[in-house]
Amino acid sequence: MTPEMEKAFAALREQYGAGAIERVEQMLEPGRQDRHPLQKGAKWIMPGISQRPWHDPYEHQELAPVVHALEAAHSAIRSELAEAWSERRAAFSDYEHYLTRQEDWQALYLYRKGDLVRESADVVPTAFGVLEEYAVDTGKICPLLESHFSTLLPGASIAPHHDLWNFSINLHLAVDIPEGCGITVAGETRSWEEGKCLLFDYSFEHDAWNRGNRPRTALLIDLWHPDTTVPERAALVALITEIRKLMGEG
């Protein structure tokens, strides 16, 4: 813990109560093992978060409005995405996953580095508007992470991996899904249903593939896990932001 982290944590305890960020502090205890075996590759596991790989996207009162808004807008989102892919390909870039660049995995970012990517509002206005209104303005997006259109080219695959932590959760809107695509989380394989959302805890091992004959695109949003609280979220932002500064990541 740096002095900056200590100061931030002390302020949160004073504002919300002595036990308000206890689970965040427990996460930092050396040797603590509050994790499922299939979360072994994740760096941070906050105790008390439900250890379920897959979630019903409609079950969480906090997240359901985001899900419903995305699904209601699917037709417009798909149309704008198709036009962007055809006419504005420069808006997409090779996806970098923990500093590994993958050319057959393309991304169009809507939110990154703690803020909306304003240029994307002109490229995919419907998705941008839904994201801003239902996830960003409401504080449901995890500002430590991002939202992007994730396009896997035919034949592409994402190797099995764990993401960094369990205190955010990954929402996928299936935008354009050919046959032959799938995703496995904690050993359970599912496929995307176009126009519908999937929700899963990516601290569990997961992988995905496109064995179809055209690109597969889903809109991904990193949301706060609904099991986290407001003071915990503030503590986590302070913690991870300071760690990234120390690691020279800005």
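Only this structure's heavy atoms are used, side chains among them; waters, hydrogens and symmetry mates stay out. Predicted model, so just to flag it, every value in this text is computed and none were measured.
For the pair L239 and L28, the minimum side-chain heavy-atom distance is below 4.5 Å. In this structure, the side chains of L108 and W85 stay at 4.5 Å or more apart for every pair of heavy atoms.
Of the possible polar contacts, one joining the T241 side chain to the V237 backbone as a donor-acceptor pair under 3.5 Å is found.
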side-chain hydrogen bond (donor to acceptor under 3.5 Å, both in side chains) between Y111 and D222, worked out: CA-CA 10 Å; Y111 186 96; D222 293 306; over 6 Å; no
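In this structure E205 satisfies the side-chain hydrogen bond (donor to acceptor under 3.5 Å, both in side chains) test with no other residue, sequence neighbours excluded. For E103, there are no salt bridge (charged side-chain N to carboxylate O under 4.0 Å, His left out) partners, not counting sequence neighbours. In this structure H148 satisfies the side-chain hydrogen bond (donor to acceptor under 3.5 Å, both in side chains) test together with E146, sequence neighbours excluded. Judged as a salt bridge (charged side-chain N to carboxylate O under 4.0 Å, His left out), and not counting sequence neighbours, R89 has no contacts. E22 is linked by a salt bridge (charged side-chain N to carboxylate O under 4.0 Å, His left out) to nothing, counting only residues two or more places apart in sequence or in another chain. Under the side-chain hydrogen bond (donor to acceptor under 3.5 Å, both in side chains) criterion, H172 pairs with N170, W192, not counting sequence neighbours. Residues that satisfy the side-chain hydrogen bond (donor to acceptor under 3.5 Å, both in side chains) test with S50, not counting sequence neighbours, are D227.
Within the structure, the ring-ring contact (aromatic ring centres under 6.0 Å, His included) test picks out no pair touching residues 2-23 (sequence neighbours left out). Contacts classified as ring-ring contact (aromatic ring centres under 6.0 Å, His included) and involving residues 32-58 (residues at least two apart or in different chains) are given here: H36-F204, W54-F200, H55-H60, H55-H225, Y58-H68.
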Side chains of residues 114-124: which donor-acceptor pairs under 3.5 Å do they make with residues two or more places apart or in other chains?
| from | atom 1 | to | atom 2 | distance (Å) |
| --- | --- | --- | --- | --- |
| R118 | NH1 | E132 | OE2 | 3.2 |
| S120 | OG | Y109 | O | 2.5 |

Please list every donor-acceptor pair under 3.5 Å in which a side-chain atom of residues 175-183 meets a protein atom from a residue at least two apart or in another chain.
| from | atom 1 | to | atom 2 | distance (Å) |
| --- | --- | --- | --- | --- |
| D176 | OD1 | R78 | NH2 | 2.8 |
| D176 | OD1 | R214 | NE | 3.2 |
| D176 | OD1 | R214 | NH2 | 2.9 |

In a table with atom names and distances, give each donor-acceptor pair under 3.5 Å that connects a side chain of residues 137-145 to protein atoms at least two apart or in another chain.
| from | atom 1 | to | atom 2 | distance (Å) |
| --- | --- | --- | --- | --- |
| T138 | OG1 | Y134 | O | 2.7 |
| T138 | OG1 | A135 | O | 3.4 |
| K140 | NZ | E62 | O | 2.7 |

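Surrounding CD of E83 are at most 12 heavy atoms belonging to other residues, nucleotides or ligands under 6.0 Å away.
Between Q39 atom CD and H162 atom NE2 the span is 9.0 Å, to the nearest 0.5 Å.
Side-chain polar atoms of Q102 and D94 form no donor-acceptor pair below 3.5 angstrom.
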